[in-house]
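What you see is a predicted model; the values in this text were computed from it and never measured. This chain uses plain numbering: 1 for the first residue, then up along the sequence.
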Amino acid sequence: MVRKTEIRVIYEEGVEAVAATIRQLYEMIEVEDERVHCFVMSATAAHLQKIEHLTGRITRLEAALANKAQQVHQLNAVVKDLTKQLKEAHRQTRLAKDAHLATVIKNSQNSSQPPSTDPRKRTRSLREQSGKQAGGQPGHPGQTLDFVEKPDRIVIHALTTCDLCGSSLEASEVRVSERRQVHDLPVQQLEVTEHQSQTKVCHRCGTKNKAKFPVGVNAPVQYGAGVRSVAAYLMGYQLIPYDRCAETMNDLFNCHISPGTLATILKECASELVEPLMLIKAGLRKSDVLGVDETNLRVNKKQDWVHVSSTDRLTLLVYDQRRGTAAIESIGILSEYKGVCVHDGFSAYDQYRQCQHSLCNAHILRDLNYVIDTSKAAWATEMKALLLDIKGAVGDAGAAGKKRLAVRQKKEFLSKYDQIVDKAGKLYEPLQRKKGPAKTARKRESPIVAAARKLVNRLVAKRGDILRFMNDFRVPFDNNQAERDLRMLKVKQKISGCFRTEKGADEWCRVRSYVSTMKKQGHGVMETMRSVFAGKSIMPAIRR
């Protein structure tokens, strides 16, 4: 720093001294600027290097962090999977405490599952051994070909020359004629009948008169009642799909018919059955014992339902999208029925209290089999044997012409039934729900115990319905009649798959109801079909 005295001295020395001093100051500033610039450049380079180092470190840390996050995600997935496995292991361990659970599989013999879901290994049948040999029993008439008195055609094989000497046998008489008859089908082919309606003018009054075509001859070219009845027979009774039915008609009768025409034929057949189906429904309402059941049906990729009401002489199949009360009400039978209704225990049937109810004991036996298979419960074995003993006693009494069991025998059966139920009730006490919110969650019950408890409750609450066949010999032991009438529907699904339209399903059920009813009443299926397309449907007989 230049002091004031130094500045005065320089000033007094003159202009040259001042200029020299200023130049000297400029030189000092330049030197200082250079030094500062070098310092700044050095510091900047150092900071840039440090920033680059820190940036690289941050990049490495971010990569390491991403790797750690991925590892954490994988570990979380492993933990979740292990937790799930642990829960499943706990569940399996808890369920395995019930005897033989790991080896017991539900099938058609111990549950309501269909036989198609059974494992490949053979399962035992609910039927008991009869002791009879397989095949026809003694006294069975059998069925074989026999000679007919008037054959349709006779072919005579005449002799003209002797086999030994070659002499003519034309003049020789026939001493013995041996007969052999061949039962065969003639070649089937379409027979075309042309109907010509004449028109004439009256010479007296000039009226133009035209002859009427027969009933059923409506189109210029059409299939007759024979073709339509055979097609309806193949589709409605033999369960053949449209395409294969068209192929069959072509192969057997050289009848080139399209699947669309076949669908129209089935529709026409169903539309002619309004009156027969009304009679069937009226007969079912008046029947003493009525079997009802339902099964699922695939229609247009949806699960719908078919309900059956049947006796040994009548069958009614009704298609509906619903299973429960609404569908049963729309059928209009149970709401007016006052006999004995046999069913599998579906809750929708229980609301009809104006009629009596009988539970299907085949379902009870299957449920007992499941309890026996899973827990080896002695009470279930005893109950199964008791029900079969009662069935045998009822069958023997009926075969002997009796209408009821002896009072003493009935009391013994009831007493034994109650003893077995009491023994089972001590093992499975009824669950009672307390009022208000539960403070602690109820311990989860194993499926085996739950199934056994449910069965015991049913045996207690439905004793009268289960044993109704013992008190009323008209009531069957099971509901096999209704189940047999539904079975062909499942066969139809296996052959043809699902129905494409709701209308098609309804038409098939109507035709099948009529055919099944008429077959039960002793009519031939083809005879029945011909009567429909002839416009003179055979009406089902209804017991008054």
Side-chain angles (χ1 to χ4, degrees), residues 130-196 214 216-217 221-259 261-262 265 269 488 491-492 494-496 515-516 518-534 536 538:
S130 64
K132 299 178 181 179
Q133 295 292 330
Q137 303 301 313
H140 188 271
Q143 185 175 359
T144 185
L145 289 177
D146 201 358
F147 279 93
V148 296
E149 292 298 328
K150 295 181 179 180
D152 299 303
R153 189 162 61 101
I154 297 177
V155 178
I156 298 177
H157 301 280
L159 292 171
T160 56
T161 58
C162 177
D163 294 336
L164 180 62
C165 65
S167 300
S168 174
L169 299 177
E170 296 291 342
S172 302
E173 64 179 4
V174 178
R175 292 189 176 183
V176 178
S177 181
E178 182 181 355
R179 294 192 305 160
R180 294 185 181 181
Q181 292 186 349
V182 178
H183 296 240
D184 203 354
L185 289 172
V187 177
Q188 301 293 320
Q189 60 182 8
L190 285 180
E191 180 182 81
V192 180
T193 301
E194 181 175 298
H195 296 266
Q196 298 181 356
V217 180
V221 180
Q222 66 181 65
Y223 289 110
V227 171
R228 289 183 288 169
S229 60
V230 170
Y233 167 82
L234 293 175
M235 294 183 293
Y237 182 69
Q238 295 297 346
L239 316 177
I240 299 180
Y242 291 135
D243 288 339
R244 288 174 55 192
C245 183
E247 184 179 357
T248 302
M249 296 291 288
N250 182 31
D251 293 342
L252 294 181
F253 312 113
N254 196 26
C255 176
H256 304 283
I257 190 168
S258 68
T261 303
L262 292 174
I265 290 174
C269 183
M488 288 300 101
V491 176
K492 167 74 174 174
K494 290 180 180 179
I495 295 174
S496 306
V515 169
S516 176
M518 302 315 295
K519 187 179 179 185
K520 286 179 179 179
Q521 298 187 7
H523 294 277
V525 181
M526 278 304 303
E527 170 196 9
T528 299
M529 288 297 186
R530 288 193 183 99
S531 72
V532 174
F533 289 103
K536 300 177 181 178
I538 303 174

**Request:** Applying ring pair (Phe, Tyr, Trp, His ring centres under 6.0 Å), name anything that partners F253, two or more places apart in sequence or on another chain.
**Result:** none

**Asked** With sequence neighbours left out, what residues match Y237 under ring pair (Phe, Tyr, Trp, His ring centres under 6.0 Å)?
**Response** Y233

Between [atom1] of [X] and [atom2] of [Y], what distance do you get to the nearest 0.5 Å?
X    : Y    : atom1 : atom2 : result
M518 : S531 : CE    : OG    : 7.0 Å
M488 : Q238 : CE    : CD    : 10.0 Å
Q521 : I538 : CD    : CD1   : 10.0 Å
L234 : T248 : CG    : OG1   : 6.0 Å
I265 : M529 : CD1   : CE    : 11.5 Å
K520 : S516 : NZ    : OG    : 4.5 Å

**Message:** Give me each pair satisfying salt bridge (charged side-chain N to carboxylate O under 4.0 Å, His left out) with a member in residues 227-252, each pair once, sequence neighbours excluded.
**Reply:** R228-E268

Which pair of heavy atoms, one from [X] and one from [Y], lies closest together, and at what distance?
X    : Y    : result
S496 : P241 : OG-CG, 3.1 Å
I495 : L239 : CG2-O, 3.7 Å
R530 : S229 : CG-OG, 3.7 Å
L262 : M235 : O-CE, 3.3 Å
I257 : A246 : O-CB, 3.3 Å
C255 : V227 : SG-CG1, 4.1 Å

List the atom pairs, with distances to 0.1 Å, where a side-chain N or O of residues 161-181 and a protein N or O form a donor-acceptor pair under 3.5 Å, not counting sequence neighbours.
residue: S168; atom: OG; partner: E170; partner atom: N; Å: 3.4
residue: Q181; atom: OE1; partner: V148; partner atom: N; Å: 2.9
residue: Q181; atom: NE2; partner: V148; partner atom: O; Å: 3.1

**Request:** Could you list all the side-chain hydrogen bond (donor to acceptor under 3.5 Å, both in side chains) pairs where at least one residue sits in residues 149-158, not counting sequence neighbours?
**Result:** none

Donor-acceptor pairs under 3.5 angstrom involving side-chain atoms of residues 184-195: please list them, not counting sequence neighbours.
residue: Q188; atom: NE2; partner: P186; partner atom: O; Å: 3.2
residue: E194; atom: OE2; partner: Q196; partner atom: NE2; Å: 2.5

